[in-house]
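Each chain gets a letter, A, B and so on, in the order its sequence line appears, and its residues count up from 1.
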Amino acid sequence: MTALVVIDRAPYGDWRGREAVDMGFSLAAFDQPVSFLFTGPGVNWLRMGQDATELSQKNLARQLGAAAIFGVEALLVDHKALAAYQLSVDTLSSPAQPVTVSPGLYGQYDHILCL
Amino acid sequence: MPKTTALSFTLIITGAPYVSQAPQTALEFARAVIAAGHRIDRVFLYGDAVHLASTLACAPSDEPQWTQIWSEFLETHRVPAIVCIASALRRGVLDEKEQKRYQRPAHNLEPPFEIAGLGEWVEGTVSSDRTLYFHPTD
Amino acid sequence: MPSLHIVNKAPDHARFQTCLAAVADEDTLLLTENAVLAAVMAQGLPGTVFALSADLEARGLAPADIMANIGRIDFAGFVSLTEATSRIISW
Amino acid sequence: MNPVAEPKRNNEGFLENPADWSPDVAVIIAAESDLSLEDKHWEIIWLLREFYKLHEISPPSNRLFVKAVKERLGEGKGNSVYLMQLFTGKPAKTACRVAGLPRPTNCL
């Protein structure tokens with residue numbers, strides 16, 4: 001089973017994306033092939049320079065940095081959403097692969113998870 | 001549509017009762033799954049849905065008591081129901097073991113719900129024929 | 001393999017668009033909960049679309065109100081849709 | 001003699017305040033699990049602390065603990081048998097406790 005975890009929510013304001021990341025890490029823990037797709041406001045998970053100390057929250061970019069260590073296959077990022085949020089693929093907090101979101105992209109995975 | 005052979009389902013609920021429609025849509029779907037002759041391997045509560053397993057929820061008497069209704073459904077059809085431990089601990093849904101571990105004054109997990117980890121969800125999605133999520137609408 | 005997309009968000013929710021961007025021509029879209037409100041909108045939906053009757057009725061959407069190409073189904077019909085494909089995406 | 005003032009800990013022996021950790025504290029915590037810390041333990045302890053500093057999470061399960069060790073030290077040490085020998089009981093839990101990291105969510 002190949003899985004794609006879709007994160008289309010902005011970081012910090014709610015816990016949904018964080019819970020999606022936990023699910024993705026669990027798949028990786030059990031050696032299930034899993035990738036993440038960041039789209040819409042979700043691309044802001046990958047923005048450099050995050051510092052949530054004043055919010056008393058964990059730095060989500062740093063947590064996401066553990067993805068490769070845990071065996072997450074790829075971080076995919078919607079290139080249109082990157083542009084919309086003035087982000088560039090060369091300056092993200094973790095290496096991510098720009099993709100065009102399409103039915104064909106989703107079609108490559110057996111299981112799609114979007115919290 | 002031709003009748004397929006019996007299928008196994010894993011249902012994941014992520015929306016809380018009285019906040020979202022998720023637990024009731026999931027229940028109607030679950031009933032229809034059983035009525036169609038299929039099997040439900042597992043129900044998994046994640047995120048805010050863990051409130052569905054709180055035995056302390058008190059809805060007004062003219063509203064459905066979703067915790068009891070779900071509990072009866074699970075008992076009747078012998079469906080294992082798992083509450084994600086990480087979601088549950090944060091939201092104050094504890095069984096006796098976690099109550100002791102975290103030294104809290106009470107436990108409130110409605111049977112037959114059980115507290116376990118995301119491994120149960122992974123197991124369900126890998127082994128069931130069908131996996132469906134019931135999310136909140138926000 | 002064709003997918004069954006199940007969406008429960010209102011048509012103006014960002015997730016509704018995320019969902020539509022994932023629907024291929026051969027796929028089926030099922031509108032539930034708030035998403036059934038899309039059944040009265042003239043455009044923007046793909047070819048094969050169903051809406052859950054309990055959610056339509058609750059929101060006062062009579063059969064005459066909804067677009068002709070949208071099928072009304074009950075929970076038994078919902079289960080039938082899930083029998084037809086193992087690729088199910090809940091948005 | 002008062003070698004180390006013992007910091008506050010929870011009922012499973014994890015530090016209440018991560019800032020209270022020091023190598024001396026680690027030795028005390030380890031002794032409760034009948035572990036006397038050798039270089040091979042310290043290698044994992046420092047790795048875990050570095051991991052926490054970088055990613056702000058304890059590896060959430062044994063499996064991911066093993067993966068984190070494997071990524072740094074290779075298969076020879078990043079395997080559950082080796083780590084179970086070093087840290088008795090549930091190795092991720094024991095190692096996090098000794099290393100002064102929060103109790104893993106144990107969600108797997």
key: Pairing of Arg31(B) and Glu28(B) as salt bridge, 4.0 angstrom limit   =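 Answer for the salt bridge query: yes.
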Please flag which part of [X] lies under 4.5 Å from any non-hydrogen atom of chain B: side chain, backbone, both or neither.
X        : value
Glu19(A) : both
Arg9(A)  : side chain
Met23(A) : both

Segment of Thr14(B) engaging chain A (4.5 angstrom heavy-atom cut-off) =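 Answer is side chain: those atoms of Thr14(B) sit under 4.5 Å from chain A.
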ask   = What pairs with Pro103(A) under side chain to side chain contact (heavy atoms under 4.5 Å, CB included), at least two apart in sequence or on another chain?
value =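 Partners of Pro103(A) by the side chain to side chain contact (heavy atoms under 4.5 Å, CB included) criterion, ordered by chain and then number, come out as Ala24(C).
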request  = For the residue pair Phe9(B) and Phe29(B), categorise the inter-ring angle as parallel (less than 30°), tilted (30 to 60°) or perpendicular (more than 60°).
outcome  =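 The rings of Phe9(B) and Phe29(B) stand perpendicular, inter-plane angle above 60°.
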query = Do Thr55(B) and Asn108(B) have side-chain atoms, one donor and one acceptor, less than 3.5 Å apart?
reply =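 Result is no, nothing qualifies.
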